[in-house]
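The structure appears below as structure tokens.
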There are 2 protein chains.
Amino acid sequence: MKNTRNTIAKAAIFELIKNSKVALSHAEIQELNQEACDRVTIYRILDRLTAEDVIHKIVTPSGTVKYAACHHADHEEQHHVHNHVHFNCEVCQLVTCLENVEPTFKLPANYKVNQVNFTVSGICPSCAL
Amino acid sequence: MKNTRNTIAKAAIFELIKNSKVALSHAEIQELNQEACDRVTIYRILDRLTAEDVIHKIVTPSGTVKYAACHHADHEEQHHVHNHVHFNCEVCQLVTCLENVEPTFKLPANYKVNQVNFTVSGICPSCAL
DNA sequence: AATTAAACGCAACAAAGTTGCATTTAAGAA
DNA sequence: TTCTTAAATGCAACTTTGTTGCGTTTAATT
Ligand SMILES: [Mn+2]
Ligand SMILES: [Mn+2]
Ligand SMILES: [Zn+2]
Ligand SMILES: [Zn+2]
């Protein structure tokens with residue numbers, strides 16, 4: 001694996017994502033980070049954190065990209081598959097990892113799975129009241 | 001429901017999507033259509049066809065948006081839920097609807113589902129050879 | 001044929017993401 | 001500690017993707 005360095009910006013952005021109860025977009029991260037580093041740097045840090053498997057990328061049906069921390073045990077698996085469901089509320093727009101909801105499905109023969117992206121959109125319990 | 005008209009451009013684009021074995025992006029559609037109409041018009045037609053439920057939108061883990069024809073029986077349901085899996089090959093980049101693969105999952109109480117987007121990426125049978 | 005709102009083209013804009021390159025800096029070696 | 005070097009950053013420029021406003025065209029109904 002290629003060498004990776006622990007920089008201030010990387011640590012700060014990881015903290016933001018780890019402490020958030022909901023998935024964050026690039027724009028939200030930039031704002032939360034008080035513009036402490038360049039937009040481009042954030043893109044690159046997000047790519048690195050994703051490659052290191054400490055955060056994962058979520059793409060909603062509307063096309064917006066968000067990031068959330070991984071909650072699997074460290075180094076438990078070489079390359080974790082994020083097969084849990086992400087819920088995207090159409091009202092509050094928040095995206096949450098439903099870590100306990102893991103869909104079961106069976107692909108036809110000879111398909112090799114590397115990554116899954118399960119996103120469900122609708123209305124979350126808070127907005128349903 | 002709002003009035004919708006059958007224009008030449010709309011019919012042409014629907015044909016392209018219907019006759020394609022794989023899901024198509026906006027850019028691919030524009031090229032296949034020989035630039036016969038404006039980019040903006042294509043965006044609007046895709047929105048209309050999606051609203052009419054004759055095509056559906058697929059967002060891949062890499063963030064690219066594609067469209068595929070719906071294969072459910074016409075008017076079978078008021079608002080069809082596209083709960084089948086889409087496979088995105090990392091080698092050939094093609095996105096295919098696996099109509100027969102419908103994951104089962106159970107959300108916690110009080111979540112209302114309106115739409116799902118299940119995308120699996122990896123290596124397709126053709127590229128695995 | 002007349003009417004009318006849907007659809008269109010075009011220009012301008014906005015958001016999201018990428019690339020190249022000079023400069024800075026984390027981290028291991030001396 | 002200092003030296004070394006490739007990783008990481010900032011900045012500018014650019015591309016790709018999608019949106020909006022508005023005047024004109026056109027499908028569909030009367
Ligand atoms: Mn995870
Ligand atoms: Mn369908
Ligand atoms: Zn909500
Ligand atoms: Zn393939």
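Naming: A, B, ... by sequence-line order, numbering from 1 per chain.
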Check: In chain order, what residues pass the salt bridge (Lys or Arg N to Asp or Glu O under 4.0 Å) check against B:K57, with sequence neighbours excluded?
Finding: none

Next item on the list: Using salt bridge (Lys or Arg N to Asp or Glu O under 4.0 Å) as the criterion, list what pairs up with B:E31, not counting sequence neighbours.
Entry: none

Atom-to-atom span, [atom1] of [X] to [atom2] of [N] - whole angstrom:
X     : N      : atom1 : atom2 : value
A:I45 : D:dA8  : CD1   : C1'   : 8 Å
B:K57 : D:dT17 : NZ    : P     : 13 Å
A:K66 : C:dG17 : NZ    : P     : 12 Å
B:Y67 : D:dT17 : OH    : C1'   : 11 Å
A:L46 : C:dT18 : CG    : P     : 11 Å
A:Y43 : D:dA8  : OH    : C1'   : 18 Å
A:Q30 : D:dC11 : CD    : P     : 12 Å
A:E28 : C:dA15 : CD    : C1'   : 14 Å

Note to self: Checking contacts here: which listed nucleotide (D:dT9, C:dC8, C:dG17) is nearest the side-chain heavy atoms of A:A9?
What the structure shows: D:dT9

Checklist line | Candidates C:dG17, C:dC8, D:dT17 - which lies nearest the side chain of B:A27 | finding: D:dT17

Note to self: Given A:V85, which partner from the list A:T96, A:V101, A:N100 fulfils the side chain to side chain contact (heavy atoms under 4.5 Å, CB included) test?
What the structure shows: A:V101

Notebook entry, point to check: What does nucleotides 23-30 of chain C look like as a protein-contact string, B for base, S for sugar-phosphate only, - for none, at under 4.0 angstrom between heavy atoms?
Noted result: --BBS---

Notebook entry, point to check: Are B:K10 and B:T4 close enough that some pair of their side-chain heavy atoms sits under 4.5 Å apart?
Noted result: yes

Check: Is any side-chain heavy atom of A:V95 less than 4.5 Å from a side-chain heavy atom of A:T64?
Finding: no

Check: A:Y111: what forms a ring-ring contact (aromatic ring centres under 6.0 Å, His included) with it, not counting sequence neighbours?
Finding: B:F87

Pairs under 3.5 angstrom only: tabulate donor-acceptor contacts from the side chains of residues 116-129 of chain A to other protein residues two or more places apart or in another chain.
unit_1 : atom_1 : unit_2 : atom_2 : d
A:N117 : ND2    : A:V59  : O      : 3.3
A:T119 : OG1    : A:V59  : O      : 3.2

Check: Given the side-chain rings of B:H56 and B:H86, with only the six-membered ring counted for Trp, is the space between their centroids under 6.0 Å?
Finding: yes

If you restrict it to nitrogen or oxygen atoms, what contacts under 3.5 Å exist between nucleotides 9-14 of chain C and the protein, and what is each distance?
unit_1 : atom_1 : unit_2 : atom_2 : d
C:dG9  : OP2    : B:D38  : N      : 3.2
C:dG9  : OP2    : B:T41  : OG1    : 2.3
C:dG9  : N7     : B:R44  : NH2    : 3.2
C:dG9  : O6     : B:R44  : NH2    : 2.7

Item checked: Spacing of A:C70 atom SG and A:E52 atom CD [to the nearest 0.5 Å] -> 11.0 Å

